[in-house]
**Student:** 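Handing you this structure, nothing more for now.
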Protein chains: 2
Amino acid sequence: MTQTYSISDLARELDITTRAIRFYEEQDMLCPERRGLERVYCAKDKVTLKLILRGKRIGFSLAECKELIELYDPGHGNRKQLETFMQKIAERRTQLAQQLLDIEQMQIELDTAEERCRAALAQTATN
Amino acid sequence: MTQTYSISDLARELDITTRAIRFYEEQDMLCPERRGLERVYCAKDKVTLKLILRGKRIGFSLAECKELIELYDPGHGNRKQLETFMQKIAERRTQLAQQLLDIEQMQIELDTAEERCRAALAQTATN
DNA sequence: GCTTACCTTTACGTTAACGTAAAGCAGTCA
DNA sequence: TGACTGCTTTACGTTAACGTAAAGGTAAGC
């Protein structure tokens with residue numbers, strides 16, 4: 001028994017709108033089964049959606065997310081394509097590494113900001 | 001002798017357009033000196049710009065970046081405001097922590113993707 | 001004096017990623 | 001037999017973050 005979902009099931013569970021899900025399908029990032037007109041989603045579709053959402057949280061565009069999705073399933077590639085894939089994977093790695101640095105730096109800056117806030121609060125303690 | 005910069009100095013150095021810099025000013029994220037009509041930027045402005053760019057790299061909106069900039073200089077706040085600041089800092093920390101998780105997960109997925117690519121390449125080695 | 005290189009402002013254009021109606025079909029509950 | 005509820009499609013609207021063009025001011029160099 002393979003688990004399936006309606007569009008609003010997924011919308012509820014992943015906390016997005018049905019409109020967004022349909023939009024991702026328009027962009028060829030999803031291709032759910034149909035029962036009549038109704039969309040029927042499977043587990044893989046849910047994984048794809050989670051990948052999209054994760055990508056978005058770290059600032060990836062949908063185009064970039066789509067690339068990631070395609071990278072994740074390189075079955076149908078010839079040698080040339082596969083090498084392109086490897087190339088893109090390397091690029092993403094570089095990007096992720098930079099983002100890690102950026103986040104660490106931000107955390108340091110938040111430390112500083114918090115420190116200053118505490119100091120200012122100490123000054124204004126008598127208000 | 002405090003270092004100053006023209007708008008195109010900064011554009012070159014930070015690899016953005018002058019249009020973008022002016023746009024950030026429109027959004028009250030910068031407020032450079034003027035010599036006549038010309039904008040004259042100081043070191044602090046450059047730091048602000050770097051903060052903006054760093055924020056963008058990890059998917060922050062300009063509005064969020066602006067908030068960060070304001071957090072970074074809490075001098076003029078009363079108690080209430082400072083507490084709001086502390087709150088916002090905490091929220092950002094949570095967000096950054098989530099992003100770290102997301103990036104780690106992505107890296108794992110890239111590992112998988114690369115693995116599959118290698119496998120597919122091995123299969124197609126005779127082409 | 002003319003060109004070239006920067007700088008300025010104003011203003012309309014563009015892309016991404018959906019939001020928001022509008023209009024309609026399918027099952028179900030009172 | 002309505003009235004919901006949930007699904008569908010089509011299509012126009014919206015916001016963010018600039019791009020791009022128009023029109024012009026100023027200083028340097030030939």
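Atom set for the values below is all heavy atoms of this structure, side chains included, hydrogens, waters and symmetry mates excluded. In the text below, chain A, chain B and the rest are named by the order of the sequence lines, each starting its count at 1.
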**Student:** Measure from the side chain of B:Ala20, starting at C-beta and using heavy atoms only, and say which of D:dC18, C:dC18, D:dT8 lies closest.
**Tutor:** D:dC18

**Student:** Rounding to a whole Å, what distance do you find between A:Phe23:CZ and D:dG13:P?
**Tutor:** 17 Å

**Student:** Using a 3.5 Å cut-off and no angle test, enumerate the donor-acceptor pairs between side-chain atoms of residues 27-34 of chain A and protein atoms at least two apart in sequence or in another chain.
**Tutor:**
unit_1, atom_1, unit_2, atom_2, d
A:Arg34, NH1, A:Leu37, O, 2.7
A:Arg34, NH2, A:Glu25, OE2, 3.2

**Student:** Mind checking A:Ser61 for me? I need base, sugar-phosphate or nothing, with any heavy atom below 4.0 Å counting as a touch.
**Tutor:** sugar-phosphate

**Student:** Once you apply a heavy-atom cut-off of 4.0 Å, does B:Ser6 come out as touching a base, just sugar-phosphate, or nothing?
**Tutor:** sugar-phosphate

**Student:** Using whole Å, what does the distance between atom P of nucleotide C:dT8 and atom CD1 of B:Ile21 come to?
**Tutor:** 10 Å

**Student:** Under 4.0 Å between any heavy atoms, over every strand shown, what does A:Arg34 touch: base, sugar-phosphate, or nothing? Just pick one.
**Tutor:** sugar-phosphate

**Student:** Short question: side chain of B:Glu109, backbone of A:Tyr72 - any donor-acceptor pair under 3.5 Å?
**Tutor:** no

**Student:** Step by step, would you call B:Glu38 with B:Arg35 a salt bridge (Lys or Arg N to Asp or Glu O under 4.0 Å)?
**Tutor:** CA-CA 5 Å; B:Glu38 275 185 42; B:Arg35 194 173 49 208; 3.8 Å; yes

**Student:** If I take atom CG in residue A:Leu30 and atom C1' in nucleotide C:dA17, what distance separates them, rounded to the nearest angstrom?
**Tutor:** 15 Å

**Student:** Centre of A:Phe60's six-membered ring, under 6.0 Å away, within 45 degrees of the axis: is that where NZ or CZ of A:Arg92 sits?
**Tutor:** yes

**Student:** Just to confirm, is there a sub-4.0 Å distance from OP1 or OP2 of D:dC18 to any side-chain nitrogen or oxygen of B:Tyr24?
**Tutor:** yes

**Student:** Does the side chain of A:Arg39 get closer than 4.0 angstrom to OP1 or OP2 of D:dT9 through an N or O atom?
**Tutor:** yes

**Student:** Do any N or O atoms of the protein come closer than 3.5 Å to N or O atoms of nucleotides 20-23 of chain D, and which pairs are they?
**Tutor:**
unit_1, atom_1, unit_2, atom_2, d
D:dT20, O4, B:Arg19, NE, 3.0

**Student:** Mind calculating the distance between CD1 (A:Ile7) and P (C:dA26) to the nearest angstrom?
**Tutor:** 18 Å

**Student:** Using atom CD1 of B:Ile16 as one end and atom P of D:dA17 as the other, report the distance to the nearest whole Å.
**Tutor:** 14 Å

**Student:** If the threshold is 4.0 Å, N to carboxylate O, is there a salt bridge linking B:Asp9 and B:Arg12?
**Tutor:** yes

**Student:** Identify every side-chain donor-acceptor pair in residues 40-49 of chain A under 3.5 Å, counting partners at least two apart or on other chains, and give the distances.
**Tutor:**
unit_1, atom_1, unit_2, atom_2, d
A:Asp45, OD2, A:Cys42, N, 3.0
A:Lys46, NZ, A:Tyr5, OH, 3.2
A:Lys46, NZ, A:Glu13, OE2, 2.7
A:Thr48, OG1, A:Lys44, O, 3.0

**Student:** For B:Thr17 and D:dG19, is the shortest distance between a side-chain N/O and OP1 or OP2 below 4.0 Å?
**Tutor:** yes

**Student:** Should the heavy atoms of other residues, nucleotides or ligands under 6.0 Å from CD of B:Glu26 be counted, would the total exceed 12?
**Tutor:** yes

**Student:** Indicate, with a heavy-atom threshold strictly under 4.0 Å, whether A:Arg22 touches base, sugar-phosphate, or nothing.
**Tutor:** base

**Student:** Grab the OH-C1' distance between B:Tyr41 and C:dC7 for me, whole Å please.
**Tutor:** 11 Å

**Student:** Quick one: is A:Thr18 getting a side-chain N or O under 4.0 Å of the D:dC7 phosphate, OP1 or OP2?
**Tutor:** no

**Student:** What is the distance, to the nearest angstrom, from the CD atom on A:Glu38 to the P atom on C:dA26?
**Tutor:** 11 Å

**Student:** Expressed as a whole number of angstroms, how long is the span from B:Phe60:CZ to D:dA16:C1'?
**Tutor:** 17 Å

**Student:** Determine: side-chain N/O of A:Lys56 to OP1/OP2 of C:dC18, distance under 4.0 Å, yes or no.
**Tutor:** yes

**Student:** Among B:Met106, B:Gln98, B:Glu104, which residue satisfies the side chain to side chain contact (heavy atoms under 4.5 Å, CB included) criterion with B:Asp102?
**Tutor:** B:Gln98

